[in-house]
*Asks:* 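Structure below; questions to follow.
Heavy-atom basis, side chains included; hydrogens, waters and symmetry copies ignored. If you read the sequence from its start, that first residue is 1, and numbering goes on from there.
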Amino acid sequence: MHSDILKTESLNALKIFFSILTIAFCFFIPHYANLTIFIYPIVILFVVWLFLKYVSGEIFADIFFSFKRFEIKAIWLGILPAISLSLFFRFAWDPLINSILPSGKIDLSDFASIRNSPVNYFIILLIALLVGGFYEKIIFHGFIFTRFEKIFKSKWARPVAFILTTLIFGLYHFQQGIKGILLTAIAGAVYHVLILKFNRNLWYGVFVHAFFDFIGLTLIYLGKLS
């Protein structure tokens, strides 16, 4: 009996270790592995699939993503929150944060190529849907969130996992500067609230994030945001 308990505790500790290791992999590889935006999502999704299959015994549906759970209303319900979020940042958040950090600036240089280039603009819109929408939702608001829920097994598991996921999602965008980190963390929290509200259905976060990015990218393309 005692040996069984030790074995169970050892397995749980091992799962926690591999969870943290995989979370770190998801965070650092896109920034430091010199892989293109077309390659690193595939690599990381494959690693997550290996983790789910061989470490935790789960499938992607267990981290909120399933094609069977797609609902048309997730698309049109994503538009209004995206518009509201864009207006909030432009007319409420930006004046506030600029008064606190007047010298700070969100680094949007990664998107400079879309200005006056319809081809680049549409390519980046597609990437925003696939990477910002699907990939980041699966990895952060699906996989990483559920790992923290399993690590912190208590009545506080969900709020702790929510806070940690929000912080990590914001910090993941550190290349955009402190203002970019804060903006992304707030936006990520909104995406996640919608996912949880609709019975942990990742599709609702996917389209809010995609439409929010579409609005921002369109403003950059039109020269209204720099």
Side-chain angles (χ1 to χ4, degrees), residues 13-67 106-114 120 123-152 160-189 191-192 195 200 202-203 205-206 208-210 212-213 216-217:
L14 198 59
K15 284 184 179 180
I16 291 173
F17 170 76
F18 279 114
S19 294
I20 294 173
L21 190 65
T22 308
I23 290 171
F25 182 86
C26 294
F27 186 95
F28 289 109
I29 288 299
H31 293 292
Y32 298 110
N34 292 321
L35 299 175
T36 70
I37 198 169
F38 300 103
I39 300 299
Y40 75 72
I42 297 172
V43 172
I44 292 175
L45 286 170
F46 179 67
V47 170
V48 167
W49 174 79
L50 290 175
F51 178 97
L52 295 174
K53 184 174 179 64
Y54 296 106
V55 177
S56 64
E58 297 172 281
I59 59 176
F60 277 94
D62 294 313
I63 58 172
F64 312 160
F65 184 76
S66 169
F67 286 106
I106 298 177
D107 186 354
L108 299 175
S109 57
D110 288 346
F111 308 106
S113 63
I114 71 175
N120 288 344
I123 290 174
I124 293 296
L125 287 184
L126 179 60
I127 291 174
L129 174 61
L130 296 178
V131 178
F134 284 95
Y135 167 76
E136 290 188 0
K137 294 291 114 352
I138 292 172
I139 297 303
F140 289 92
H141 301 100
F143 178 72
I144 291 178
F145 174 76
T146 54
R147 292 319 95 193
F148 284 132
E149 273 195 319
K150 291 178 180 297
I151 291 172
F152 299 97
V160 170
F162 182 91
I163 292 169
L164 289 176
T165 301
T166 298
L167 290 173
I168 290 174
F169 186 65
L171 291 170
Y172 177 72
H173 296 80
F174 65 83
Q175 75 278 6
Q176 295 181 4
I178 184 62
K179 287 184 178 179
I181 291 173
L182 293 172
L183 184 149
T184 305
I186 294 170
Y191 308 149
H192 208 139
I195 291 168
R200 299 184 171 222
L202 213 67
W203 288 99
V206 166
V208 176
H209 190 168
F212 178 67
D213 283 354
L217 291 168

*Asks:* If we only count heavy atoms from C-beta on, is the V47 to T22 side-chain gap below 4.5 Å?
*Replies:* yes
*Asks:* Taking the six-membered ring for Trp, are F162 and H192 closer than 6.0 Å centroid to centroid?
*Replies:* yes
*Asks:* Within the supplied structure, the quantity of interest is the number of heavy atoms (other residues, nucleotides, ligands) at a distance under 6.0 Å from K179 NZ; does it exceed 12?
*Replies:*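 More than 12 within 6.0 Å, yes.
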*Asks:* Checking side chain to side chain contact (heavy atoms under 4.5 Å, CB included) for the pair Y172/T184: CA distance, chi angles, key distance, verdict?
*Replies:* CA-CA 9 Å; Y172 177 72; T184 305; over 6 Å; no
*Asks:* Angle class for the Y54/W49 ring planes (parallel below 30°, perpendicular above 60°, tilted otherwise)?
*Replies:*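 Aromatic pair Y54/W49 classed perpendicular.
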*Asks:* How long is the gap from CG on L129 to CZ on F134, to the nearest 0.5 Å?
*Replies:* 5.5 Å
*Asks:* Indicate, with yes or no, if the rings of F38 and Y40 have centres closer together than 6.0 Å.
*Replies:*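 Judged by ring-centre distance (under 6.0 Å), F38 and Y40 do not meet the cut-off.
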*Asks:* For T165 and A161, work out which heavy atoms get closest and say how close.
*Replies:*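 Smallest heavy-atom distance, with atoms named: OG1-O, 2.7 Å.
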*Asks:* For residues H141 and F64, determine if any side-chain heavy atom of one lies less than 4.5 Å from a side-chain heavy atom of the other.
*Replies:* no
*Asks:* Please round to the nearest 0.5 Å and tell me the distance separating atom CZ of F152 and atom CD1 of I16.
*Replies:*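 It is 8.5 Å, given to the nearest 0.5 Å.
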*Asks:* Only one of F140, F27, F174, F143 passes ring-ring contact (aromatic ring centres under 6.0 Å, His included) with F169; say which it is.
*Replies:* F140
*Asks:* Does any non-hydrogen side-chain atom of V43 lie less than 4.5 Å from one of F25?
*Replies:*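 Of all side-chain heavy-atom pairs linking V43 with F25, at least one is under 4.5 Å.
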*Asks:* Drop me the distance from I114's CD1 to N120's CG, to the nearest 0.5 angstrom.
*Replies:*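 The CD1 atom of I114 sits 8.5 Å away from the CG atom of N120.
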*Asks:* Taking the side chain as everything from C-beta on, heavy atoms only, tell me whether P30 gets closer than 4.5 Å to Y135.
*Replies:* yes
*Asks:* Where do I139 and L45 land on the side chain to side chain contact (heavy atoms under 4.5 Å, CB included) test, with the steps shown first?
*Replies:* CA-CA 8 Å; I139 297 303; L45 286 170; 3.9 Å; yes
*Asks:* Side chain to side chain contact (heavy atoms under 4.5 Å, CB included) between V160 and F148: does it pass, once the steps are laid out?
*Replies:* CA-CA 8 Å; V160 170; F148 284 132; 5.9 Å; no
*Asks:* Looking at CG of D62 and OG1 of T146, how far apart are the two atoms once the value is rounded to the nearest 0.5 Å?
*Replies:* 8.5 Å
*Asks:* Can you tell me how far the CD1 atom of I23 sits from the CD1 atom of I151, to the nearest 0.5 Å?
*Replies:* 5.5 Å
*Asks:* Return the CD1 to CD1 distance between I106 and I181, rounded to the nearest 0.5 Å.
*Replies:*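 Between atom CD1 of I106 and atom CD1 of I181 there are 10.5 Å.
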*Asks:* Any non-hydrogen side-chain atom of Q175 less than 4.5 Å from a side-chain atom of D110?
*Replies:*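 Of all side-chain heavy-atom pairs linking D110 with Q175, at least one is under 4.5 Å.
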*Asks:* Which of these, F145, W203, F60, sits in a ring-ring contact (aromatic ring centres under 6.0 Å, His included) with F65?
*Replies:* W203
*Asks:* Determine the minimum heavy-atom distance between A128 and D213, stating which atoms define it.
*Replies:* CB-CB, 4.0 Å
*Asks:* Applying side chain to side chain contact (heavy atoms under 4.5 Å, CB included), run through I59 and L52 and close with a yes or a no.
*Replies:* CA-CA 6 Å; I59 59 176; L52 295 174; over 6 Å; no
*Asks:* Answer yes or no: is there a side-chain heavy-atom contact under 4.5 Å between I20 and R147?
*Replies:*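 They are not in side-chain contact.
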*Asks:* Between V55 and K15, is there a side-chain heavy-atom distance shorter than 4.5 Å?
*Replies:* yes
*Asks:* Heavy atoms only: give me the nearest C26-V48 pair and the separation to one decimal.
*Replies:*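 Scanning both residues, the minimum pair turns out to be SG-CG2, 4.0 Å.
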